[in-house]
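In what follows, a single structure is set out as structure tokens and then discussed.
Just so it is clear, the model here is predicted, and its values are computed rather than measured.
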Amino acid sequence: MLMLCSSWVDQMGNVHGRVEGANPNAEALLIGSHMDTVVDAGMFDGSLGIVSAISALKALKVNGKLEKLKRPVEVIAFCDEEGVRFQTTFLGSGAIAGILPATTLEISDKRDTMIKDVLKENSIDITEEKLLQLKYDPKSVWGYVEIHIEQGPVLEQKGFPLGVVKGIAGQTRLKVTVRGSQGHAGTVPMSMRQDPMAAAAELIVVMESLCKNPEEFLSYDDHCSDSSVKSLSSSLVCTVGEISTWPSASNVIPGQVTYTVDIRAIDDLGREAVIYDLSKRIYQICDKRSVSCNIEHKHDAGAVICDSELSSQLKSAAYSALKKMEGDIQDEVPTLMSGAGHDAMAMSHLTKVGMLFVRCRGGISHSPQEHVLDNDVWAAGLATLSFLENL
Ligand SMILES: NC(=O)N[C@H](N)C(=O)O
Ligand SMILES: [Mn+2]
Ligand SMILES: [Mn+2]
């Protein structure tokens with residue numbers, strides 16, 4: 001029997017490899033993760049999911065089982081999940097899920113280079129029409145599965161190499177620009193300054209206090225029920241990862257300061273209430289300091305709950321992998337939430353999604369210290385293989 005396999009790079013730069021299996025017309029399983037990284041990253045974030053999927057298919061091929069796959073399996077290595085360059089994320093998976101607005105191609109980076117120009121530089125001549133054509137037909141897809149490092153400390157604390165993801169926190173990315181009056185560091189009296197740097201410093205500390213103690217800041221009647229506020233305190237996180245100033249000279253009171261905001265929470269209503277309250281405070285503080293500010297929404301992604309059927313299949317696959325490695329395991333394979341975002345958030349707009357987490361040392365990620373034990377990489381591969389064998 002002719003075994004149909006194909007591989008290609010699509011118009012957004014995603015890399016695909018597909019095996020048709022025994023029923024080429026059946027709905028396909030999509031499996032993969034992202035191939036991009038943050039700056040100064042580790043080597044497992046994203047790539048482990050792609051390698052686990054490819055190696056499991058390789059093992060099936062070696063064992064002569066590839067042809068027996070119940071349904072087509074397509075591995076996708078997504079481009080730009082992190083959103084480091086353009087601040088909007090899930091560019092690869094968002095194209096497949098059909099959630100990117102046509103204006104996406106015009107989004108530009110800090111050097112005003114647009115996404116479409118970057119693709120052109122890499123000999124991909126994309127148009128709005130071609131972007132919209134990348135969307136998969138939901139009827140052709142059975143589900144999406146992603147194997148990914150946990151990027152947190154829970155599995156290590158529990159002493160488990162693998163865990164099933166219950167859901168993924170929602171996230172918002174803002175760009176805040178504060179403008180004041182540029183001046184001479186030596187001659188402008190403190191009382192006469194409109195200093196955007198000092199204003200930004202106050203704004204960032206206020207945001208940190210709000211996110212550390214949301215219940216103290218968010219009144220229940222303002223856009224936020226008490227259950228949302230309570231759930232916030234366990235999952236709400238905020239980060240300023242980038243800050244820049246103009247003209248950035250030590251003896252000049254800056255004219256402008258720009259910084260990024262990354263806010264996440266399990267509860268979408270709670271996150272929206274935090275953004276609403278934070279924005280109000282930003283404008284009040286800037287007003288008090290006679291500086292102006294602009295808040296740009298760069299990215300919003302709602303929280304995602306993983307599919308229970310896929311999750312239980314991933315749990316059984318994890319069991320069978322661990323049994324192969326360690327003999328009988330006593331405890332339940334852990335189920336946990338993800339504070340990190342994943343392509344599965346975008347893919348949940350197309351199909352049901354499931355995720356399997358792999359323990360990483362100290363929960364460290366987005367750092368060269370990121371590390372996964374060889375045995376845990378092995379467990380991830382065995383679990384992926386078992387999942388595919390029992391599709
Ligand atoms: N879109 C994202 O959330 N990207 C990374 N995975 C992150 O968690 O920041
Ligand atoms: Mn990442
Ligand atoms: Mn990742």
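Taking 4.5 Å as the limit, every side-chain heavy atom of His349 sits out of range of all side-chain heavy atoms of Phe90. Under the 4.5 Å side-chain criterion, counting only non-hydrogen atoms from C-beta, Phe86 is not in contact with Thr104. Looking at Arg85 and Thr113, their side chains come closer than 4.5 Å, going by heavy atoms from C-beta outward. The side-chain heavy atoms of Ile107 and Leu91, taken from C-beta on, include no pair separated by under 4.5 Å. Asp80 has its side chain out of reach of His34: every pair of non-hydrogen atoms, C-beta onward, lies at least 4.5 Å apart. Counting only heavy atoms from C-beta outward, the side chains of Glu74 and Tyr144 never approach each other to under 4.5 Å. Counting only heavy atoms from C-beta outward, the side chains of Gln256 and Thr177 approach each other to under 4.5 Å. Using a 4.5 Å cut-off on side-chain heavy atoms (C-beta onward), Leu218 and Val274 make contact.
Of all non-hydrogen atoms in Ala185 and Ser250, the two that sit nearest each other are CB-O, 4.4 Å. Contact record, Ser181 with Ile253: O-CG2, 4.1 Å, taken as the closest heavy-atom pair. When every heavy atom of Ala321 is checked against every heavy atom of Ala379, the shortest pair comes out as CB-O, 3.7 Å. Heavy-atom minimum distance, Gln11 versus Leu134: N-CD2, 3.9 Å. Heavy atoms only, all atoms of each residue included: Ile50 and Ile76 are closest at CG1-O, 4.4 Å. Taking every heavy atom of both residues into account, Pro161 and Leu322 meet most closely at CG-CD2, 3.4 Å.
Checked by atom type and distance alone, the side chain of Lys175 never pairs as donor or acceptor with a backbone atom of Glu296 at under 3.5 Å. Judged by distance alone, the side chain of Arg264 and the main-chain N or O of Val237 form no donor-acceptor pair under 3.5 Å. Without hydrogens or angle criteria, Glu156 side chain to Gly362 main chain gives a donor-acceptor distance under 3.5 Å. Remark: the backbone N or O of Val188 is paired with a side-chain donor or acceptor of Arg193 at under 3.5 angstrom. Side chain of Glu81 to main chain of Gly46: no donor-acceptor pair is present (N/O by atom type, distance under 3.5 Å, no hydrogens or angles). Remark: the backbone N or O of Asp10 is not paired with any side-chain donor or acceptor of Asn14 at under 3.5 angstrom. In this structure, the side chain of Thr239 does not engage the main chain of Gly241 through any donor-acceptor pair within 3.5 Å. When atom types are taken as modelled, the side chain of Asp36 and the backbone of Glu82 share a donor-acceptor pair closer than 3.5 angstrom. Counting only distance, with no hydrogens or angles, the side chain of Thr245 and the backbone of Ser248 share no donor-acceptor pair below 3.5 Å. With hydrogens and angles ignored, the 3.5 Å screen pairs no side-chain donor or acceptor of Gln151 with any backbone N or O of Ala340.
The CG atom of Leu30 lies 7.0 Å from the CG atom of Leu350; values are rounded to the nearest 0.5 Å. Note that CG of Leu162 is 11.0 Å distant from CD of Glu150, once rounded to the nearest 0.5 Å. From Leu336, atom CG reaches atom CZ of Phe160 across 11.5 Å, with rounding to the nearest 0.5 Å. Distance check: Asp343 CG to Cys79 SG gives 8.5 Å after rounding to the nearest 0.5 Å. In this structure, CE on Met12 lies 10.0 Å from OG on Ser93, to the nearest 0.5 angstrom. With rounding to the nearest 0.5 angstrom, the CG atom of Asn63 is 7.0 Å from the CG atom of Leu385.
Residue-environment remark: CG (Asn122) exceeds the threshold of 12 foreign heavy atoms within 6.0 Å. Within 6.0 Å of CD in Glu121 there are more than 12 heavy atoms belonging to other residues, nucleotides or ligands. Summarising the local packing, NZ of Lys324 is surrounded by more than 12 heavy atoms from other residues, nucleotides or ligands at distances under 6.0 Å. Counting non-hydrogen atoms of other residues, nucleotides and ligands closer than 6.0 Å to NZ of Lys158 gives a total of 12 or fewer. Annotation: Lys288, atom NZ; neighbour count of heavy atoms from other residues, nucleotides and ligands within 6.0 Å is above 12. Counted within 6.0 Å of NZ on Lys298, heavy atoms from surrounding residues, nucleotides or ligands total more than 12; the atom is thus considered enclosed.
No chain of hydrophobic side-chain contacts below 4.5 Å, direct or via other Ile, Leu, Val, Met, Phe, Trp or Tyr residues, connects Leu382 to Val377. Leu373 and Trp378 fall into different hydrophobic clusters, where Ile, Leu, Val, Met, Phe, Trp and Tyr residues are linked whenever their side-chain heavy atoms come under 4.5 Å apart, directly or through other members. In this structure, Ile364 is not a member of the same hydrophobic cluster as Ile149, with clusters built from ILVMFWY side-chain heavy atoms closer than 4.5 Å. Placement of Met355 and Ile305 in two distinct hydrophobic clusters is found when ILVMFWY residues are connected by side-chain heavy-atom separations under 4.5 Å, directly or transitively. Follow the hydrophobic side-chain contacts under 4.5 Å out from Met337 and you never reach Leu314; the two are in separate clusters.
When the options Thr88, Thr89, Asp300 are evaluated for a side-chain contact (heavy atoms from CB on, under 4.5 Å) with Arg173, the one that passes is Thr89.
No donor-acceptor contact under 3.5 angstrom links the side chains of Asp262 and His299, judged on distance only. Ser52 and Thr384 are not linked by any side-chain donor-acceptor pair at a separation below 3.5 angstrom, with hydrogens and angles left out of the test.
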Would you please test Ile31 and Leu57 for side-chain contact (heavy atoms from CB on, under 4.5 Å) and show each step?
CA-CA 11 Å; Ile31 180 170; Leu57 287 174; 5.7 Å; no
List the steps, then state whether side-chain contact (heavy atoms from CB on, under 4.5 Å) holds for Asp195 with Arg289.
CA-CA 8 Å; Asp195 181 349; Arg289 287 174 165 269; 5.6 Å; no
List the steps and the verdict of side-chain contact (heavy atoms from CB on, under 4.5 Å) for Met347 and Ile96.
CA-CA 8 Å; Met347 297 300 280; Ile96 300 294; 4.0 Å; yes
Start with the C-alpha gap between His342 and Phe357, add the side-chain angles, then the distance that decides, and say whether ring pair (Phe, Tyr, Trp, His ring centres under 6.0 Å) holds.
CA-CA 11 Å; His342 301 286; Phe357 266 173; 5.7 Å; yes
Can Leu236 and Ile263 be said to form a side-chain contact (heavy atoms from CB on, under 4.5 Å), step by step?
CA-CA 7 Å; Leu236 177 62; Ile263 289 192; 3.9 Å; yes
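Electrostatic pairing of Lys116 and Glu128 does not count as a salt bridge here, judged by no charged N lying under 4.0 Å from a carboxylate O. Using a 4.0 Å cut-off between a side-chain N of Lys or Arg and a carboxylate O of Asp or Glu, Lys110 and Glu242 qualify as a salt bridge.
Between Trp142 and Phe387, the ring planes lie tilted relative to each other; the angle falls in the 30° to 60° range.
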